[in-house]
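To keep things clear, I will list the structure first and then write my remarks on it.
For the numbers below, each heavy atom of this structure counts, side chains included, while hydrogens, waters and symmetry mates do not. Since the structure is predicted, the reported quantities are computational estimates derived from the model, not experimental observations.
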Amino acid sequence: MRIDQELLEVILSIKDKDELNSFFEEIFTQAELSDLSLRWKLLKDLHAGMTQRKIAEKYGISLCKITRGSKVLKQNGSVALKVLDSMN
């Protein structure tokens with residue numbers, strides 16, 4: 001399933017970080033927000049060069065979750081990689 005385009009527009013329209021945080025808390029469950037945050041953290045750790053085993057140990061998660069993130073960063077034209085590169 002693709003992300004609803006109207007939802008993307010709504011998210012883009014919210015410029016205040018506190019309002020965006022509140023919006024996310026209203027539409028996502030705590031578990032969904034936790035999963036999203038974890039996914040971002042492991043992408044950052046992979047990008048920084050941390051090994052998959054070290055990340056699995058750090059967060060208490062399976063290597064399968066980390067492997068998906070690793071594949072994302074290796075994809076040609078990865079937006080996640082572009083964003084992470086721009087943060088350095």
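- Atom-to-atom distance recorded for Phe28:CZ and Ser37:OG is 10.5 Å, nearest 0.5 angstrom.
- With a 4.5 Å cut-off on side-chain heavy atoms, Asp35 and Trp40 do not count as touching.
- Under a hydrophobic clustering in which Ile, Leu, Val, Met, Phe, Trp and Tyr are joined whenever their side-chain heavy atoms come within less than 4.5 Å, directly or via other members, Val79 and Leu8 fall into different clusters.
- With rounding to the nearest 0.5 Å, the separation of CG in Leu12 from NZ in Lys15 is 6.0 Å.
- Taking the side chain as every heavy atom from C-beta outward, Glu9 and Ser13 never approach each other to under 4.5 Å.
- No more than 12 heavy-atom neighbours from other residues, nucleotides or ligands sit within 6.0 angstrom of CD on Glu6.
- Contact between Gln52 and Thr67 at its shortest, heavy atoms only, is OE1-OG1, 3.3 Å.
- Between Arg39 and Arg68 there is a side-chain heavy-atom pair separated by less than 4.5 Å.
- Taking the side chain as every heavy atom from C-beta outward, Ile11 and Leu7 approach each other to under 4.5 Å.
- When all heavy atoms are compared, the tightest approach of Gly69 to Leu42 is CA-CD1, 4.2 Å.
- Taking CG of Leu46 as the reference point, atom CD1 of Ile55 lies at 3.5 Å (rounded to 0.5 Å).
- Residues Leu38 and Leu33 fall into different hydrophobic clusters, defined by Ile, Leu, Val, Met, Phe, Trp and Tyr side chains chained together at heavy-atom separations under 4.5 Å.
- Residue Glu26 holds its CD atom at 6.0 Å from OG of Ser22, rounded to the nearest 0.5 Å.
- Formation of a donor-acceptor pair under 3.5 Å by the Glu19 side chain with backbone atoms of Asp16 is not found in this model.
- Transitive grouping of hydrophobic side chains (ILVMFWY, heavy atoms separated by less than 4.5 Å) keeps Leu36 and Leu84 in distinct clusters.
- Here the closest heavy-atom approach between residue Leu63 and residue Arg53 is recorded as CD1-NH1, 3.5 Å.
- The CD1 atom of Ile14 lies 7.5 Å from the CZ atom of Phe24; values are rounded to the nearest 0.5 Å.
- Put simply, Met50 and Val83 are part of the same group of oily side chains (I, L, V, M, F, W, Y) that touch within less than 4.5 Å, one to the next.
- In Ile3, the CD1 atom is not crowded: 12 or fewer heavy atoms of neighbouring residues, nucleotides or ligands sit closer than 6.0 Å.
- Side-chain contact check for Tyr59 versus Asp45: some heavy-atom pair is nearer than 4.5 Å.
- Rounded to the nearest 0.5 Å, atoms NZ (Lys41) and CD1 (Ile61) are 11.0 Å apart.
- Residues Leu81 and Val72 are not in side-chain contact: their nearest non-hydrogen atoms beyond the backbone lie 4.5 Å or more apart.
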